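Remarks on the structure that follows.
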Amino acid sequence: MLDSGDTAWILVSTALVVLMTPGVGLFYAGMVRGKNVVSMISLAFVALVVVSVQWVLVGYSLAFSSDIAGFIGNLGFLGLNGVGMGCGDLTIPELAFMAFQLAFAVITLAILTSAMAERVKISGFIVFCLLWTTLVYDPIAHWVWGGGWLAQLGALDFAGGTVVHICSGFSALAVVLVIGKRRGFGEQQMGPHNIPMTLLGVALLWFGWFGFNGGSALAANGLAANAFVVTNTSAAAGAIGWMAASWNHGQQSSLGMVSGAVAGLVAITPAAGFVGPMSALVIGAVAGVICYKAMLFRIKKNFDESLDAWAIHGVGGLWGALATGIFATAAVGGYTGLIYGNVGQFIAQIIGAVAAIVYAFTLTLILAKLVDVTIGLRVTEEEEYVGLDISQHGEEAYA
Amino acid sequence: MLDSGDTAWILVSTALVVLMTPGVGLFYAGMVRGKNVVSMISLAFVALVVVSVQWVLVGYSLAFSSDIAGFIGNLGFLGLNGVGMGCGDLTIPELAFMAFQLAFAVITLAILTSAMAERVKISGFIVFCLLWTTLVYDPIAHWVWGGGWLAQLGALDFAGGTVVHICSGFSALAVVLVIGKRRGFGEQQMGPHNIPMTLLGVALLWFGWFGFNGGSALAANGLAANAFVVTNTSAAAGAIGWMAASWNHGQQSSLGMVSGAVAGLVAITPAAGFVGPMSALVIGAVAGVICYKAMLFRIKKNFDESLDAWAIHGVGGLWGALATGIFATAAVGGYTGLIYGNVGQFIAQIIGAVAAIVYAFTLTLILAKLVDVTIGLRVTEEEEYVGLDISQHGEEAYA
Amino acid sequence: MLDSGDTAWILVSTALVVLMTPGVGLFYAGMVRGKNVVSMISLAFVALVVVSVQWVLVGYSLAFSSDIAGFIGNLGFLGLNGVGMGCGDLTIPELAFMAFQLAFAVITLAILTSAMAERVKISGFIVFCLLWTTLVYDPIAHWVWGGGWLAQLGALDFAGGTVVHICSGFSALAVVLVIGKRRGFGEQQMGPHNIPMTLLGVALLWFGWFGFNGGSALAANGLAANAFVVTNTSAAAGAIGWMAASWNHGQQSSLGMVSGAVAGLVAITPAAGFVGPMSALVIGAVAGVICYKAMLFRIKKNFDESLDAWAIHGVGGLWGALATGIFATAAVGGYTGLIYGNVGQFIAQIIGAVAAIVYAFTLTLILAKLVDVTIGLRVTEEEEYVGLDISQHGEEAYA
Amino acid sequence: MMKKIEAIIRPEMLDRVKKVLEQKGCVAMTITDAKGRGEQKGITLQFRGRSMEVDTLPKIKIEMVVMDEIADAVINAIADAARTGKFGDGKIFVLPVEEAIRVRTGERSRDYP
Amino acid sequence: MMKKIEAIIRPEMLDRVKKVLEQKGCVAMTITDAKGRGEQKGITLQFRGRSMEVDTLPKIKIEMVVMDEIADAVINAIADAARTGKFGDGKIFVLPVEEAIRVRTGERSRDYP
Amino acid sequence: MMKKIEAIIRPEMLDRVKKVLEQKGCVAMTITDAKGRGEQKGITLQFRGRSMEVDTLPKIKIEMVVMDEIADAVINAIADAARTGKFGDGKIFVLPVEEAIRVRTGERSRDYP
Ligand SMILES: Nc1ncnc2c1ncn2[C@@H]1O[C@H](COP(=O)(O)OP(=O)(O)O)[C@@H](O)[C@H]1O
Ligand SMILES: Nc1ncnc2c1ncn2[C@@H]1O[C@H](COP(=O)(O)OP(=O)(O)O)[C@@H](O)[C@H]1O
Ligand SMILES: Nc1ncnc2c1ncn2[C@@H]1O[C@H](COP(=O)(O)OP(=O)(O)O)[C@@H](O)[C@H]1O
């Protein structure tokens, strides 16, 4: 039966998660050079546009209609057929649930654009979007949330640590292997062109994440409040963790602080409905430290995944998935983790995370390669030199 | 009887629509030259400030108190007299309904500032605001939503395709006829000075539009969820429509993409409570194409309505009003349109749209002229040359 | 018993108030010089990070657990012990109430950073944060909202005129006395480097304030709607008041307009649940005028509290506290003020305001001095010259 | 021999100047944003009650190094294209250049840049 | 004959320099934002773990073309007004100018700009 | 005697150029953002249906005043460090300087800046 309070909360949460997508765009765009700013924000908008249409046509159906072999949904909801204003078993309209899930599919793709920064061809990207969201995101969403094999296994993922963050983060790594480094990477300075833009992006992300995690309770209740609180707590702890790990003679980069906050937000995502605030402090702080270390590792390995979707979302999501299996407490979400002696849950979490990593990484590698050898995923040297804003969009960010 | 869920949703929706007004300001300000940025954002804030006061004093009463001759409300709600914390026939407090409507009156005026870009005198603008919102907006809002003659006729306008978008778009055209082109228009380059600012504006608009359309259900229910979903769908389809229509050797301007999204948002506005997602795909895509064509027409005619309130809001709103009469389906909002053989509804939509166009255009022409010949609506040549930021506000946007 | 609508509203309101903190950061950062932009925004984020952790560990307990001598809470809620997903006497989860209050503690500190603009040492600031929020904010919050002596006295403060605005504004004054002027103050130009950034900050503040005041009803009901409406009304009136007081040969600075709006927002904060919209017009307009005068006074006295937390939040909050005692009407919140002959309420308001001023000012003076003589609150001359972005954060805002 | 031509013009005139120079076959140039004042009066701004003098207005500086022979033609072309006849039209200065080096090839020359 | 004076100064000194020059009746000037380093030490920045050298600091470049006769006075006025006595105060360079053209009128002259 | 070296280079080459100059002991310089075009072809942009020519690309201008004796070495160092061998590498111009003043001390000299 419809509950107006739950419905209000889910609609708002959906709006918040949609806002996160341009938020990611601004977050990333501030960190690129001035000649690729329009491009970076546009990639987020393209993700929003393309997935918004794909999802209502087929994506929702693949992820959430009746299960086929634990792997994928059938075409029962094609074109939102049968997805209506009524509530089914929920307390919110089916359309609201569909829209909430849509926003997750959108932002997962937006996070992934990190790997393409300053070198992707817009036409190739659009095609990649369609392929990736259909063949990588939709199945994994089905496995975990749509009644697929991971759900059956009992792997927990409250708001998308696996589905959103592991999936986008490790896919980003795969894309980088195909698309290659930016020309001049490691030789020329490629510093951030506008840090306030990045900070604004983080502000929108932090704000939106309350809907991301809080809305995942699918109701405006105590569980939503818990998810809300642990989200904020873990974000703050993540910032502190990163700051502590990178403290440098009294200097503290703002980008470090907010990267840590995002790491904390990522890590708490799968756990938000299963752990309490004190666990969130630990999860967030650890996330801040290990995502920082992952970034250092990425730099050492000379991977040009420089907006760090892998280090923050991939590694942070992985840690979050495991942490859920460690800290889950029956008092919050009814499940227990390792600290209560439940080894089974921890193993389920490992299986879920590894499966998502392997699937997302492998398939993304194939899809990116496919696009690259057909229409091309990367711009020419000349276009890269001039910048994507001019070459791909015919625009200059600032006059 | 008060429903807390509905109330929560409408309060949030109101906040979202209020945020759209600075959103319009940023959207526009990014597209003007660097010397008129403060001015462009300030016009939106002035609209917010002036209409916020006018509405609680007289505007709400003119639009929503008891009908006089189908044309205007009486003064029953003057100074919000009798508009209280109780709910009347609604499930939300009367004050919440009033505030929600206030936000619409505000943004309609903010959209209109497009026509004044880079040349309006701030004092003249303030006076124009008062006159226009009282004499143009309030009556049209009454006709459609306040029980006026268009409501009686059965013209449908779910969230303001006619009241907000036709009204502001065609008024913008009228203002341009009075105020004239910017000096140097067509000779000098007057390109956008900050595209990320415009994209941020669109992000806020897209976000806020969920409240705009979703809130117009006046409840957190299935209808709101439907409005929410079709809003997002039409926005995405609009972006695709515009991109397809303007595709240019693999280059795609970000401004084109987001203009198409806004066109889609505009067009779905009147229809959001009457059509389903698949119709929204069509409405949005067509909006993207025809608003793009309207813009080309505007350029060809050499009208300096360069932020395109007319092409996007005026023409998009017109298309949306007609589309509502075409695609309305009983399954969503209880009304049927042309595709179900209901010619009457389509005719009602035409009458509503034409009436609004004629009234808004004509009266705006008169009001703008009136202000222009009395206190003046346009700055001097010298002031325009120096820029409005310095000449009208004594400020420079960037140091 | 849990009400899902109320819960949805409070969760959203909390998210809105959290967003206000980076909003304050942007508001301030636009007004400083280009070499201190990252610093200014970072201070807001640091406040968010530090207080988010402090609050769940001890702050909430100090403010809201069982009263000790009217002065402070005990340690009953240490580490959120006993603060759960259930509702207690409320209609929302205890955790939601806790989170809502957290957001207030955060923003109060963020407002205070005004006094430290362009000269604070980041390490000293972090320590100051911890001390100040624990020893200044938490007790005052307890006095007014946690059942302390001011609550017992009957002093009214709906949404934090005293707790948030007086407290931060007068503390800012104290900090300035300790930290001193920026080098070159009064000789060199230190104008705003990016006014659109400031205007964006105000947009987020205005938006968030609907949650700030509206959420303080702790329910989605008529009172929340009233708070929402008077908030918007007072903001608009405040802008008009400031504009009128500072009107200058047809020029009107945008910073003046929005400063007036913030003054209006501040002043209505304590009154939002006790007065109606027509009183809000008066309260806001007067706030616009007196905060403008307070700013002129501050300039004349040559205080380098140049982002005007004192003039706007301190003085505006003081006026709001008194105005609550003047205009309170039983029809809205059940209390009456001076205009209904209730002198007692007015006196209670004076006592509350004066107590908060004296306590916050004095203790802040001591704490700031303490930090200054130990780890240091101010950067060296060389660091100040180079700018805090480079010296404290190792970053440049714009490349 | 070469001359360096430094033209300070109104930003809105840049396009016209560029077009005219293109027609003359002179495309090579370097452009900088600048602010300036000549015989124009200052303007007083206000920032939250304090007043501030903003007496300089945005200008564009065009720098071109050209051969002696065509310097005059270039100067006249710029001046004609940038002229509105009102205060603020700008100035053109001519400076001697001793040598020019093309980075791409390393060629050095006292003649053509 | 004319000289071009290029003064690179601290941004915070611009107002004082302008004021002093106004008193001397020299208002015409062109101002550009620049970055620079002289004998100052560099500063090392960090971006997410990577370190970056930011060794240049913001400066203002003032360009004034003046008649030979007053060049010395202008130079001294700028130097005095811009001085703090610490590293980073800047430099002033004097270059020869061969000709000046007033765009508004098209007048060309070897004397007064 | 001194020379002013004006080098217009690709922005991405600035670091390398600075490093090379540092090794030569030449640290003093002033840097400005600029846009320019040389023999490169223009690029056509579009803004909502209208097309716009963006024919200039971002460049960095380095200005260094150096003693005559080392001018050649500096020029060659810059040219070598800034070279990619493709169009757009930039130009270096050498101008005479008559005098230099150190603002900090007020010293004036025709020799070392
Ligand atoms: N003597 C000068 N030295 C340097 N720049 C100058 C000089 N005179 C003018 N300028 C530059 O030229 C611009 C326009 O000069 P202006 O005096 O307004 O032209 P006009 O004399 O035609 O009115 C100024 O803003 C300034 O940037
Ligand atoms: N030889 C030079 N060539 C070009 N610019 C210079 C030169 N020397 C100094 N500058 C400019 O002047 C600024 C201040 O120089 P600096 O050496 O710090 O002054 P001081 O010698 O008084 O300490 C530098 O940042 C740079 O922009
Ligand atoms: N004659 C000139 N006058 C002024 N600036 C020039 C001149 N020639 C080149 N430049 C500057 O140098 C930059 C690179 O020049 P370019 O012609 O592309 O080098 P190359 O000849 O090696 O291809 C241009 O963008 C412009 O800023």
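All figures in this text were calculated on a predicted structure; none of them were measured in a lab. Both backbone and side-chain heavy atoms feed into the values below; hydrogens, waters and symmetry mates do not. Here is the naming used below: chain letters follow the sequence lines, and residue numbers restart at 1 for every chain.
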(request) Measure the CZ-CE distance between E:Phe93 and F:Met2 for me, rounded to the nearest 0.5 Å. (result) 8.0 Å
(request) Give a yes or no on whether a salt bridge exists between E:Lys4 and F:Glu98, defined as a side-chain N under 4.0 angstrom from a carboxylate O. (result) no
(message) Looking at every heavy atom in both F:Thr32 and E:Ala34, which two are closest together, and how far apart are they?
(response) OG1-CB, 4.4 Å
(request) Give, for atom CE of F:Met29 and atom CZ of E:Arg37, the distance between the pair rounded to the nearest 0.5 Å. (result) 4.5 Å
(message) Ignoring hydrogens, what is the shortest heavy-atom contact between F:Glu63 and E:Lys61? Give both atom names and the distance.
(response) OE1-NZ, 2.6 Å
(message) Sort by residue number and list every residue of residues 73-80 of chain E having at least one heavy atom under 4.5 Å from chain F.
(response) E:Ile75, E:Asn76, E:Ala79
(request) For F:Lys18 and E:Thr56, work out which heavy atoms get closest and say how close. (result) NZ-CG2, 4.0 Å
(message) Return the CD to CG distance between E:Glu6 and F:Leu95, rounded to the nearest 0.5 Å.
(response) 8.5 Å
(request) Please indicate whether F:Arg83 has more than 12 foreign heavy atoms, meaning atoms of other residues, nucleotides or ligands, lying under 6.0 Å from its CZ. (result) yes
(message) A side-chain contact here means heavy atoms from C-beta on lying under 4.5 Å apart; do E:Lys59 and F:Ile31 qualify?
(response) no
(request) Looking only at non-hydrogen atoms, find the nearest pair between E:Asp72 and F:Arg108 and report the distance. (result) OD1-NH2, 2.8 Å
(request) Output, in order, the C-alpha distance, side-chain angles, deciding distance and verdict of side-chain contact (heavy atoms from CB on, under 4.5 Å) for E:Val94 and F:Val97. (result) CA-CA 6 Å; E:Val94 185; F:Val97 176; 5.7 Å; no
(request) First locate atom CD1 of F:Ile62, then atom NZ of E:Lys35, and finally report the distance between them rounded to the nearest 0.5 Å. (result) 13.5 Å
